[in-house]
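The chains referred to below are lettered A, B, ... by the order of the sequence lines, with proteins before strands, and numbering in each begins at 1. These numbers come from a predicted model, not from an experiment. Side-chain atoms are counted along with the backbone in the values below, which use heavy atoms only and exclude waters and symmetry mates.
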There are 2 protein chains.
Amino acid sequence: MGQAGERREPTMRDVAALAKVSIKTVSRVINDLPGAGAEVTDRVRAAARSLGYRPNLTASSLRRSDRRSATIGVLFEDLSNPFDAALLRAVEDHARRSGVLVLAGSTEDDHTLQRELLLSLSARRVDGVVVMAAGGHQDALQHERERGTPMVLVDRPPTFGGTDCVTTTNRDSSRAAVLELAALGHRDIAFLGDRSTLWTSQERYTGYLEGLAQAGLTLREELVRTGLHGVDVAETATAALLDLDRPPTALFTAQNLVTVGAMRILRTRDLHRRVAVIGFDDFPLADLLDPAVTVVRQDVPGIGRKAAELILARIDGDTSPPVHAVVPAALVPRGSGEIAPLS
Amino acid sequence: MGQAGERREPTMRDVAALAKVSIKTVSRVINDLPGAGAEVTDRVRAAARSLGYRPNLTASSLRRSDRRSATIGVLFEDLSNPFDAALLRAVEDHARRSGVLVLAGSTEDDHTLQRELLLSLSARRVDGVVVMAAGGHQDALQHERERGTPMVLVDRPPTFGGTDCVTTTNRDSSRAAVLELAALGHRDIAFLGDRSTLWTSQERYTGYLEGLAQAGLTLREELVRTGLHGVDVAETATAALLDLDRPPTALFTAQNLVTVGAMRILRTRDLHRRVAVIGFDDFPLADLLDPAVTVVRQDVPGIGRKAAELILARIDGDTSPPVHAVVPAALVPRGSGEIAPLS
DNA sequence: AACTCCTACGTCAACGTTGACGTAACCGGC
DNA sequence: GCCGGTTACGTCAACGTTGACGTAGGAGTT
């Protein structure tokens, strides 16, 4: 209520007094429930307007039997990451259309923080949560789910049962990317991945292995670099790969920031037109780089929409069996992935 | 609470019954208030844990005299825009450290939507709001502010009084950018701006005019293109500029998406190494483009921190006069802005 | 005319929590 | 043994709203 005024918020009681009706009648009018005459309805509306009455959803949800707060929690790793931000936006859009608002938080892929945020959301009695699970164990998530909180995981599936999730074709699309590179003649294809505690990293790595196998290539362990959290670390790893006696002629970078780091180093070494790159996850301006970056693009709006649909349905009491929705990703050839090896 | 269990949430009453104390004692223990003995405290804690008790912040805030919901609203234009997303993240971080969560929404620069979202936030009794005002009139914002809701505007100042805001050095930095281009010998410097209803666009345009004047250049009206909302429109406008009989040798692009559109067209016309560009707002990968893009970079974390500090202080009852904080932006020379005109 | 039914209200208690206030037990000092 | 003070509880009402239920009056039916 703050510095200006310090007035008490008008309540239904105040409206009732002004309109000379009972508080219950005000409740009926405000909620468009039957049982209020036309003339009384007008009087109540006028009184509410003149007092600047605003319904109190917290009091209402406390008392109502359904207990809805019309609010969901969204916990992603980092809301400033373009992927997370786009996903949040998609979820928010669909939620808003159902009158549901979004409490958003960044978990930093940290269990403790994720747990604290879950508790904070729970204290505010959100109707459900959409979570990008922090890597490693999911104890706090599982506990929250088992309390009955509707939950949808995005990007990464649960390690426990009974919970919906929405992911993309991590493994299949990774395999396809590697086969694409192999088809151009690349035999030394490196894998640069995010922290290997992340399910997506593991899946993409598995896809990489499958791709190599299917192409009849043998894995060179020293071409695999994981645990690359952020652009800086990815740069270092890329530099190290290029310093090998037999450096890779193509890179499969399994996360957007890793792709950026790799491109940056290739650029500084003037190898960007000679070493092929396919990245997982599209990112803004990938098409404007030199060369434009070939990526596996997730359908972010599609994932967000699906996640929103699922959580809203569960909140509405949908008790059908849990769903693992897989939204297909697509290879977007732009140039960097179409560079053939120097023979 | 959803499909699994359908159990009733345990309340303080349940905990009290199990611990064989009064409900008020449970309240004291849960809130770490004095007046509970050591043995009783242990019993209550044990009971709460065994029942899986979770405090109900909505009930608590309804009853408490301070009425805090420990939640603020954040309404930005588009949460998937990198600038907005980074700002949200900065605000969220600082709020969380004070135990405050963030209800986030995108206004799409639409008054109606902004008004609806404000009402939704108000119904949930948020403690305050941080808003990127939609262009044009600010009636709904002003009304909300006058009700006493603590409010901080970011990126754009209020058209009404008594309200804090945080902006950047739009005009000064724009002038500096134009002077930079002029110093290189550019005499035909175009201005490409976002919708001119936006205060930031106007300020940046004013800075552009000041820069021209200070450099002794005359304004060529046909080199000014505004109302460019989004990358596509910016592309069209850039193409039109380049098709002039006497096209500009330098572009000042006054918003990040506009910069992207301009770079894209310069690239397709192979003019990217001949036409200079300075953009307002940094964006991811600006340093990786060819040429790397010289930009005016806002201190986004600084803006977010300041906004969070202000709103939290106001919520805490700070009644000092309203502040217009200006967080300085910096010119980041990377290459595109250092291209001299062909003589 | 007595009846049922419906509409348009009103009254009351309860949602989960906490502020205000009450009280019994105990402590120290004289 | 009495007083004033403190500690550790408990009781009660209230925050703003709504579900359950009550009731008065009118319309329709028999």
Side-chain angles (χ1 to χ4, degrees), chain A residues 1 7-45 47-48 51-71 122-127 147, chain B residues 1 7-45 47-48 51-71 122-127 147:
Chain A
M1 322 295 123
R7 339 164 276 121
R8 197 176 57 81
E9 276 277 312
T11 71
M12 281 192 179
R13 200 184 315 276
D14 304 316
V15 176
L18 182 60
K20 304 209 189 304
V21 294
S22 80
I23 182 176
K24 184 69 230 242
T25 298
V26 175
S27 172
R28 280 190 267 257
V29 172
I30 297 293
N31 294 292
D32 287 315
L33 293 173
E39 197 242 346
V40 163
T41 298
D42 290 347
R43 249 177 30 230
V44 169
R45 292 239 169 86
L51 290 175
Y53 171 76
R54 296 279 180 87
N56 186 329
L57 189 63
T58 66
S60 165
S61 96
L62 180 61
R63 167 64 226 205
R64 280 191 330 265
S65 40
D66 65 5
R67 286 299 166 76
R68 297 282 175 77
S69 59
T71 305
S122 168
R124 286 164 181 78
R125 295 298 190 266
V126 294
D127 299 330
R147 293 175 54 87
Chain B
M1 314 285 129
R7 343 164 271 121
R8 195 177 58 84
E9 276 277 312
T11 71
M12 282 193 180
R13 200 183 314 277
D14 304 318
V15 176
L18 183 58
K20 304 214 190 301
V21 293
S22 81
I23 182 175
K24 184 69 229 244
T25 297
V26 175
S27 171
R28 280 190 265 257
V29 171
I30 297 293
N31 294 291
D32 286 315
L33 293 173
E39 197 243 346
V40 165
T41 299
D42 290 349
R43 252 181 23 235
V44 170
R45 293 240 170 85
L51 289 176
Y53 170 77
R54 296 279 180 88
N56 185 330
L57 189 63
T58 66
S60 165
S61 96
L62 179 62
R63 168 63 223 199
R64 278 193 331 267
S65 39
D66 65 6
R67 285 300 167 74
R68 297 282 176 75
S69 59
T71 305
S122 168
R124 286 162 181 80
R125 294 299 190 267
V126 292
D127 298 329
R147 293 175 54 86

### Task
Drop me the distance from B:Leu51's CG to B:Thr11's OG1, to the nearest 0.5 angstrom.
9.0 Å

### Summary
Contacts of B:Thr41 meeting side-chain hydrogen bond (donor to acceptor under 3.5 Å, both in side chains) (sequence neighbours excluded), chain-then-number -> none

### Query
What does B:Ser22 touch in the nucleic acid at a heavy-atom separation under 4.0 angstrom: a base, only the sugar-phosphate, or nothing?
base

### Message
If I take atom OG from residue A:Ser60 and atom CG from residue B:Leu62, how far apart are they, to the nearest 0.5 angstrom?
### Response
11.0 Å

### Task
With DNA chain D as reference, determine whether B:Arg64 or B:Arg28 sits nearer its 5' end, using the nearest nucleotide of each.
B:Arg28

### From CA spacing to verdict: side chain to side chain donor-acceptor pair (under 3.5 Å), B:Arg124, A:Thr71
CA-CA 9 Å; B:Arg124 286 162 181 80; A:Thr71 305; 3.0 Å; yes

### Message
Both B:Pro34 and B:Leu62 contact DNA chain D. Taking the nearest nucleotide for each, which residue is further toward the 5' end?
### Response
B:Pro34

### Query
Could you give the CG-to-P distance, from B:Leu33 to D:dC9, as a whole number of Å?
14 Å

### Query
Distance-only, no hydrogens or angles: does the B:Asn31 side chain make a donor-acceptor pair with backbone N or O of B:Leu33 under 3.5 Å?
no

### Message
What range of DNA chain C does chain A touch, first nucleotide to last, counting atoms under 4.0 Å from its heavy atoms?
### Response
C:dA8 to C:dG16

### Message
Using a 4.0 Å heavy-atom cut-off, does B:Thr25 contact any base of the nucleic acid, only the sugar-phosphate backbone, or nothing at all?
### Response
sugar-phosphate

#### Entry: side chain to side chain donor-acceptor pair (under 3.5 Å) assessment of B:Thr58 paired with A:Arg125
CA-CA 7 Å; B:Thr58 66; A:Arg125 295 298 190 266; over 6 Å; no

